[in-house]
Number of protein chains: 2
Amino acid sequence: MKSKLIVTTLTDQVEANIIEYIKENKLVPGDPLPNEKEFVEMFSVGRNVVREAMSRLRMLGILESRTKRGIIVKEPPLLNGFKKVLDPQLLSIPTIKELMGMRIAMEVGIAEFVFTNVTHKDIEELEQIISRQQAIGINNLSIEDEMQFHKKIYEVAGNNFILNFYELMQPVFLFAKHNYESYFEPINKKLQESGELVTHTDLLQAIKDNDKNLYQEKIRRHLRPYWEFLYNYNKRK
Amino acid sequence: MKSKLIVTTLTDQVEANIIEYIKENKLVPGDPLPNEKEFVEMFSVGRNVVREAMSRLRMLGILESRTKRGIIVKEPPLLNGFKKVLDPQLLSIPTIKELMGMRIAMEVGIAEFVFTNVTHKDIEELEQIISRQQAIGINNLSIEDEMQFHKKIYEVAGNNFILNFYELMQPVFLFAKHNYESYFEPINKKLQESGELVTHTDLLQAIKDNDKNLYQEKIRRHLRPYWEFLYNYNKRK
DNA sequence: TTGTTATATTTGTAGGACAAAAGGGATTAA
DNA sequence: TTAATCCCTTTTGTCCTACAAATATAACAA
């Protein structure tokens with residue numbers, strides 16, 4: 001029984017059919033795909049529909065087409081699609097809060113990898129980053145400066161996917177931080193006054209002391225304010 | 001200087017242009033977009049190109065179109081695109097290993113949330129899951145059974161994004177586990193013999209004891225074998 | 001065999017056509 | 001005046017044709 005409301009378009013169906021075709025025929029990266037005309041006949045649809053479906057898969061990086069040479073299956077970059085939806089302008093506050101929770105979990109969770117991989121050279125680099133930041137002054141710190149330290153931590157962890165993930169989410173974090181600081185007083189200042197501020201220096205010290213549990217506790221307290229503030233920020237900008 | 005090799009198609013450009021249009025005009029979910037014809041004129045391209053670009057954004061969930069009512073901006077589900085590239089058939093072993101590393105980090109990192117949120121009722125449910133699994137026998141456990149426990153943990157953590165993320169990655173984990181066990185002896189058996197097996201019972205005990213650090217250590221040891229085995233598995237199936 | 005040329009194929013792009021759906025306006029009824 | 005109904009117009013979804021650019025393939029020449 002078909003509802004009058006169109007829930008899936010032909011393009012949606014053909015897109016799913018092509019994915020199914022790849023799975024059923026066990027195509028792996030490098031394998032050629034039937035060309036447009038063959039899909040048109042296979043699914044009995046117009047060429048536009050097939051092209052729209054393939055265009056989507058090409059955007060995700062699952063397919064690659066070379067003029068005349070046909071279309072091949074590709075190992076897709078994992079975050080092609082994710083990147084495009086991570087626009088703070090489009091996301092609700094609860095969603096942004098969940099992303100921030102994800103970040104906290106990740107950054108606590110990679111501690112294991114960080115402590116396994118970290119070298120003296122890494123520690124030196126982290127010290128340099130911190131001293132550059134101190135030269136600027138903790139309250140004049142640009143958000144990009146602030147993020148350098150964390151990025152380096154992610155690099156030490158040695159997982160490219162997690163690093164990419166973090167970098168893609170940065171615009172969202174910037175939004176959260178910027179909004180916090182424009183509606184309230186700067187986070188750093190507030191925490192400094194209450195004595196709860198966990199600085200990058202504190203984090204680095206825990207790394208130097210090889211105290212993983214302490215590091216995890218500190219990184220949590222370092223990030224938590226951004227997460228908690230989102231509780232009280234329930235309207236879209 | 002233009003290379004003769006076409007790196008971006010018109011569709012790619014128009015897709016980027018539409019995203020830029022949304023940002024520049026500060027459109028938020030619910031706002032209407034110009035219709036296809038207007039974009040055709042705005043960018044001086046054929047209707048097909050505009051449709052392909054919008055079809056991509058519709059797939060990601062950034063746009064929604066209703067026949068005649070036009071197109072509106074939508075808050076996109078975050079993982080629409082990610083879901084489609086998570087096909088173990090398409091991913092290389094190093095990539096799968098990075099995903100597994102991500103999972104370990106997440107599951108260690110959400111401990112904080114789990115320990116904050118967990119209730120007696122949750123613990124009862126976890127006990128029921130475990131006893132169902134023990135009734136089956138630890139070596140007869142289906143992979144789905146095995147995953148029930150972890151899914152419940154993610155639910156307790158209370159972050160929908162992380163939960164969705166985990167569920168999407170399950171096919172990849174299944175692949176890793178299945179391959180390990182078909183090439184080597186079952187993971188559980190091997191670890192049991194060496195006395196290193198961390199069972200769900202051990203994990204639950206750490207939760208009952210409210211010992212977060214121990215839990216994190218145990219969950220790491222519970223998952224690590226799958227991650228390490230990927231080191232030695234360097235060929236695509 | 002090797003190199004060149006011509007042909008055919010395939011993708012990218014443009015544009016026309018039409019059906020279905022729904023908004024808006026006009027007409028009619030109360 | 002207000003409310004209900006009908007018709008027209010707009011817009012999306014789909015199909016189709018056409019053509020340029022690129023290149024694989026075949027045919028041909030040296």
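From a predicted model like this one, the values you see are computed outputs, not experimental measurements. Throughout, a chain's letter reflects where its sequence line sits, starting with A, and its residues are numbered from 1. Heavy-atom basis, side chains included; hydrogens, waters and symmetry copies ignored.
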Assess the residue pair B:Lys152 and B:Ile129 against the criterion (side-chain contact (heavy atoms from CB on, under 4.5 Å)); give the C-alpha distance rounded to whole Å, side-chain angles, the decisive distance to 0.1 Å, and a yes or no.
CA-CA 9 Å; B:Lys152 175 64 187 170; B:Ile129 290 172; 4.0 Å; yes
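- Not counting sequence neighbours, A:Glu98 has no partner by the side chain to side chain donor-acceptor pair (under 3.5 Å) test.
- Every side-chain contact (heavy atoms from CB on, under 4.5 Å) that B:Gln13 has, sequence neighbours left out, goes to B:Thr8, B:Leu10.
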Show each protein N/O and nucleotides 9-11 of chain D N/O combination with a separation under 3.5 Å, one pair to a line.
| from | atom 1 | to | atom 2 | distance (Å) |
| --- | --- | --- | --- | --- |
| D:dT11 | OP1 | B:Asn35 | ND2 | 3.2 |

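- Put simply, CD on B:Glu41 is 14 Å from P on C:dA14, counting in whole angstrom units.
- For A:Leu33 and C:dT11, the CG to C1' distance is 14 Å, given to the nearest whole Å.
- A distance of 15.0 Å separates OH of A:Tyr226 from CD1 of A:Ile96, quoted to the nearest 0.5 Å.
- Listed by chain and number, the residues in a ring pair (Phe, Tyr, Trp, His ring centres under 6.0 Å) with B:Phe115 are B:Tyr215 (sequence neighbours excluded).
- The shortest heavy-atom contact between A:Ala157 and A:Asn117 is O-ND2, 3.2 Å.
- In terms of the ring pair (Phe, Tyr, Trp, His ring centres under 6.0 Å) criterion, residue partners of A:Phe39 (sequence neighbours excluded) are, by chain and number, A:Tyr21, A:Phe43.
- Interface residues of residues 49-64 of chain A facing DNA chain C, ordered by number: A:Arg51, A:Arg58; criterion, heavy-atom separation under 4.0 Å.
- Taking only side-chain nitrogens and oxygens, A:Ser65 comes nearer than 4.0 Å to OP1 or OP2 of C:dG12.
- Within the 4.5 Å cutoff, the side chain of A:Arg103 has heavy atoms near those of the A:Leu223 side chain.
- The CZ-P distance, from B:Arg47 to C:dA17, rounds to 13 Å in whole Å.
- Dashed line: the shortest gap from a side-chain N or O of A:Thr11 to OP1 or OP2 of D:dG13 is not under 4.0 Å.
- The nearest whole Å value for the distance from the CG atom in A:Asn48 to the C1' atom in C:dT11 is 13 Å.
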